[in-house]
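Taking it in order: structure first as structure tokens, then the write-up.
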There are 2 protein chains.
Amino acid sequence: MAGIKDVAQAAGVSVATVSRALSGRGSVSTAAQEAVQRAATELGYVVSSSASGLASGRTRNIGVLVPVINHWFYASVLEGISSRLMDEGYDTTLYQLTKDRIQREKIFSDFLLRQRVDAVIAVNVELDAEEVQSLHALDKPLVGVGGPLPGVPTLHVDDEGISALATQHLISLGHRRIGFIGGNEETDVDFRVPTHRRTGYEQALHKAGIQIDDNLCVGADFTMPQAYAAAKQLLGNPAGRPTALMAASDEMAIGAILAARDLGMQVPRDLSVIGVDNHDLSEMFGLTTIEQRPHEQGELAVAMLLRAIRGEEPAHAHKVDHRLVVRSSTTRPLDAA
Amino acid sequence: MAGIKDVAQAAGVSVATVSRALSGRGSVSTAAQEAVQRAATELGYVVSSSASGLASGRTRNIGVLVPVINHWFYASVLEGISSRLMDEGYDTTLYQLTKDRIQREKIFSDFLLRQRVDAVIAVNVELDAEEVQSLHALDKPLVGVGGPLPGVPTLHVDDEGISALATQHLISLGHRRIGFIGGNEETDVDFRVPTHRRTGYEQALHKAGIQIDDNLCVGADFTMPQAYAAAKQLLGNPAGRPTALMAASDEMAIGAILAARDLGMQVPRDLSVIGVDNHDLSEMFGLTTIEQRPHEQGELAVAMLLRAIRGEEPAHAHKVDHRLVVRSSTTRPLDAA
DNA sequence: CTGAAAGCGCTAACAG
DNA sequence: CTGTTAGCGCTTTCAG
């Protein structure tokens, strides 16, 4: 393992010059620059992150907090974050916050304090004041994906706006009896995404002068199987079946489509369905949806974080836009034909 | 930020004793042990990983190499790895190896050499001799999930055995015309999982004296949409349609089920389908499958790695077992009734 | 069992 | 632009 001294010797300069040439901090003559570069490559020299981190206080490593990994949204955001960070020469260290409070505390009281990371990206985890405080105290920049997080630059979609748009799409097609598949208590933690999406749905109905019918609203855990089951109950009920359904996620929307099919209904003829996400599977089901691009959200979060690390303007709360993607799962209601 | 000196002072001992007490290396009197513990807690002291890493050469951080994150198998393995590592007080640093050769080289020539990790887990990435060598040269233990990897302890399922079992299940039900949905060139990299699964399929047919029919074998990219398309072609062909289908993954099997349905066929009456994985969605589709538990594979890999780090017996190549989970997507062929 | 002290490999004043 | 040098905060001999 070649050290900085070896490089200095081979290049015929001092270790300070090597450090400067390789890090780009401070000025170095072109000649020295080249000599160092050559020597480093030849010797296969790579700085030791521990030594560099100890001396400079910078680790070139970012901590990413996620509640789960095995889920389309989180995995996508993570991919966006890690690929962008890698481009910038940063490493990505992953901290999975389970429901376990003890473990969560351990992450904040041990893992994040051991100075392994320069900054933190929190993906859909609602940090409490104390947690934010402890990060600020360490002078670690923090950016949130999903928010808001008081005093923290965050990046988030407009959940209410998204579901209002989805609902309006259905209304504009002529639907009046519109069902809703949202979250359950378990999923309505952190930023209460399910609640916001429900609110947007209700606002859109309200604005259109449509009465809200609680019997048309069911909850699930954002997975296809639970939504399938919930939709079956909803659609199987002979009394006042909806002509359209909005689901708070595409996976749930797909579950609903499958439930409808299993009940012998045709989508969109007998039932229009709209989701939220533009999931990888949506196109195959012809699902109309509101797109949010988690991969891009991850990349954007990195951009915001790097600005913060470099001490540039904070670039506070930032809304990520969404767009309606119309496919073949929505149409006018039969009776309006 | 309290340092080790502060703790030493507060506990009335030397920094050496604090280090020993907190790391568990070397012996410390109970009295000192307690004093240190108390002082550390009181001051909120956490060792600096840079300083500790620099002095000891140990970072308590493991690098995990994955080809993709946003995929059920990898995300599951990753969850298993990270949760297990966290329990052991280790951090997880993620390196995503894209198809980009340049970036891959960068990971091996820069990222992994900067001494940020103590060891590496490679998940389904076929490291070449040079890459393995460069890790060994650094004295970094390496464990592979998916294999084999020459000279490296690996953990892997028996891909041929899995698909042989799946195929035998269909044969035992009476099927003779059994189709196969495998991978394509793009997915047949690294450990050639698609090839192995195809081999197992062919072996089972061969053993049963059934002729292999290339027209019954199609390729896809392990996703539901491509398998849906491929299955439609296969099943729509009027000449010699299969009575059963084995897919190299559950997502593909589900794609096939949906394709069959869209062609008006009933599963399992008109077509039996079996997959591999026991994916989260499989139960909802009643899919018969061969289970592999990626989360557990991740945990096991960590266990193997920790042994290696501690210099214990290597515990070489280790086969992970699989099991047949019979649900409702397979039955005897119609004409055998 | 404990303390003193010598680094670990690099960065960042500082002086030139 | 460059070299010298004093640490960064901890671990680990080595003596005691």
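Scope of the values below: all heavy atoms of this structure, side chains included, with no hydrogens, waters or symmetry mates. So you know, we letter chains A, B, ... as the sequences are listed, proteins then strands, and number each from 1.
- In summary, the side chains of B/Gln133 and B/Asp128 do not present any donor paired with an acceptor at a separation below 3.5 Å, with no hydrogens or angles considered.
- Using a 4.0 Å heavy-atom cutoff across all strands shown, B/Arg25 reaches sugar-phosphate atoms only and no base atom.
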- [ ] Walk me through it: do B/Lys106 and A/Glu88 pass the test salt bridge (Lys or Arg N to Asp or Glu O under 4.0 Å)?
- [x] CA-CA 12 Å; B/Lys106 208 172 104 186; A/Glu88 301 284 341; over 6 Å; no
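- Residue order along DNA chain D, read from the 5' end via each residue's closest nucleotide, puts B/Val47 first among B/Val47 and B/Arg20.
- Judged by distance alone, the side chains of A/Gln96 and B/Ser82 do bring a donor and an acceptor atom under 3.5 Å apart.
- Donor-acceptor pairing under 3.5 Å is lacking for the side chains of A/Thr93 and B/Asp91.
- With hydrogens and angles left out, the side-chain atoms of A/Thr98 and A/Gln103 include a donor and acceptor closer than 3.5 Å.
- For A/Ala32 against A/Thr17, the heavy-atom pair with the smallest separation is CB-CG2, 4.1 Å.
- Both B/Ala55 and B/Val13 sit near DNA chain C, but only B/Val13 has its closest nucleotide nearer the 5' end.
- Summary for the helix from C/dC1-D/dG16 to C/dG16-D/dC1: the axes at its two ends, each from 5 pairs, differ by 30° when rounded to the nearest 10 degrees.
- A/Arg58 comes within 4.0 angstrom of the backbone, heavy atoms only, and of no base.
- Among the protein residues, B/Ser27 comes within range of the nucleic acid bases, having at least one heavy atom under 4.0 Å from a base atom.
- Remark: of the listed residues B/Ile121, B/Val320, B/Val123, B/Val320 is the sole one forming a side chain to side chain contact (heavy atoms under 4.5 Å, CB included) with B/Leu155.
- Counted by atom type alone, B/Tyr90 and B/Asn61 present zero donor-acceptor pairs between their side chains at under 3.5 Å.
- In this structure the side chain of B/Leu78 reaches within 4.5 angstrom of the side chain of B/Val64, judged on heavy atoms.
- Each of B/Leu65, B/Leu135, B/Thr154 was checked for a side chain to side chain contact (heavy atoms under 4.5 Å, CB included) with B/Leu142, and the lone residue meeting it is B/Leu135.
- When DNA chain D is scanned 5' to 3' for any atom under 4.0 Å from a heavy atom of chain B, the first and last hits are D/dG9 to D/dT13.
- Taking a heavy-atom distance under 4.0 Å as the criterion, the stretch of DNA chain C touched by chain A extends 5' to 3' from C/dG9 to C/dA13.
- Counting any heavy atom pair closer than 4.0 Å across all strands shown, B/Ser19 reaches a base atom.
- Side-chain contact, A/Tyr74 with A/Asn124: a donor N or O sits under 3.5 Å from an acceptor N or O.
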